[in-house]
Amino acid sequence: QVQLVESGGGLVQAGGSLRLSCAASGRTFSSYAMGWFRQAPGKERDFVASINWSGGSTIYADSVKGRFTISRDNAKNTVYLQMNSLKPDDTAVYYCAKRNSASYSSRATNYDYWGQGTQVTVSS
């Protein structure tokens, strides 16, 4: 019913930038909050950023605040994560997710659909 496909990951040197995209299927995309999470090898999945249904409200993990920006274009059924000033600690698989609610959330358990992830590797 709902499919999420991430793109834009890759290898970048520390201090560089990447923009991740998450394309969503379905005509009800604009009704739901979206989130980005990441998981490094041997680590649990961590919250990165979330955005409400309209794009008017956002939240960020402290580790990325001031460096990453989440945004959405409901006309294109797409959510973005602009990643600037990347650090080696940002290396992880990044996942986008859809919540069955209009409000943003930092809790992974509040999201009902997930993409398969895109690898981001930041070299020192």
Check the hydrophobic clustering (I, L, V, M, F, W, Y; side-chain heavy atoms under 4.5 Å; chains of links allowed) and say if Tyr32 and Tyr95 are grouped together.
no

Let me see the working for Asp90 and Lys87 under salt bridge (charged side-chain N to carboxylate O under 4.0 Å, His left out), right down to the final yes or no.
CA-CA 5 Å; Asp90 296 319; Lys87 306 174 180 179; over 6 Å; no

Does the structure place the NZ or CZ of Arg72 under 6.0 Å from the centre of the six-membered ring of Phe29, at an angle of no more than 45° from the ring's axis?
yes

cation_pi(Lys98, Tyr113) dist<6.0 Å, angle<=45:
no

Validation row: Tyr104, Ile51 side chains within 4.5 angstrom (heavy atoms):
no

Going through the checks in order, is the side chain to side chain contact (heavy atoms under 4.5 Å, CB included) test met by Ile59 and Ser106?
CA-CA 8 Å; Ile59 54 170; Ser106 63; 4.0 Å; yes

Residue pair Asn110, Ser105: steps toward the side chain to side chain donor-acceptor pair (under 3.5 Å) verdict:
CA-CA 7 Å; Asn110 284 340; Ser105 175; 2.8 Å; yes

What distance do Trp53 atom CH2 and Ser101 atom OG have between them, rounded to the nearest 0.5 Å?
12.0 Å

For the residue pair Arg45 and Trp114, would you count it as a cation-pi contact if the rule is NZ or CZ under 6.0 angstrom from the ring centre and within 45 degrees of the ring axis?
yes

Got a second to check how far Met83's CE is from Trp36's CH2, nearest 0.5 Å?
8.5 Å

For the residue pair Tyr94 / Arg38, report whether a side-chain donor-acceptor contact shorter than 3.5 Å exists.
yes

Donor-acceptor pair, distance only, cut-off 3.5 Å: does the side chain of Ser85 make one with the backbone of Gly15?
no

Contact check, side chains of Asp73 and Tyr80, non-hydrogen atoms, under 4.5 Å
yes

Are side-chain heavy atoms of Ile70 and Val79 found at a separation under 4.5 Å?
yes

Kindly say whether the aromatic ring centers of Phe37 and Phe47 come within a distance under 6.0 Å.
yes

Is any side-chain heavy atom of Gln82 closer than 4.5 Å to a side-chain heavy atom of Ser71?
no

Main chain of Gly35, side chain of Ser50: is a donor-acceptor contact present, judged purely on distance under 3.5 Å?
no

Smallest heavy-atom separation, Leu18 atom then Leu86 atom, equals N-CD1, 3.9 Å

For the residue pair Ala33 and Ser103, what are the closest heavy atoms and their distance?
CB-O, 3.1 Å

Straight-line distance of Ser63 OG to Asp89 CG, nearest 0.5 Å
9.0 Å

Tell me, do Phe68 and Leu81 make a side-chain contact under 4.5 Å, heavy atoms counted?
yes

Within the side chain of Glu6, is there an N or O that forms a donor-acceptor pair under 3.5 Å with the backbone of Leu20?
no

Can you name the closest pair of heavy atoms from Ala97 and Leu4 and give their distance?
CA-CD1, 3.7 Å

Measuring from Arg107:CZ to Arg99:CZ, what's the distance to the nearest 0.5 Å?
9.5 Å

Looking at every heavy atom in both Ser124 and Pro88, which two are closest together, and how far apart are they?
CB-CG, 4.0 Å

Which value, rounded to the nearest 0.5 Å, describes the distance between Thr69 atom OG1 and Asn84 atom CG?
6.5 Å

If you measure from CE on Met34 to OG1 on Thr78, what distance do you get to the nearest 0.5 Å?
9.0 Å

Does the Ser57 side chain pair with the main chain of Asn52, one donor and one acceptor, at a distance under 3.5 Å?
no

Over 12 non-hydrogen atoms of neighbours within 6.0 angstrom of CD in Gln119
yes

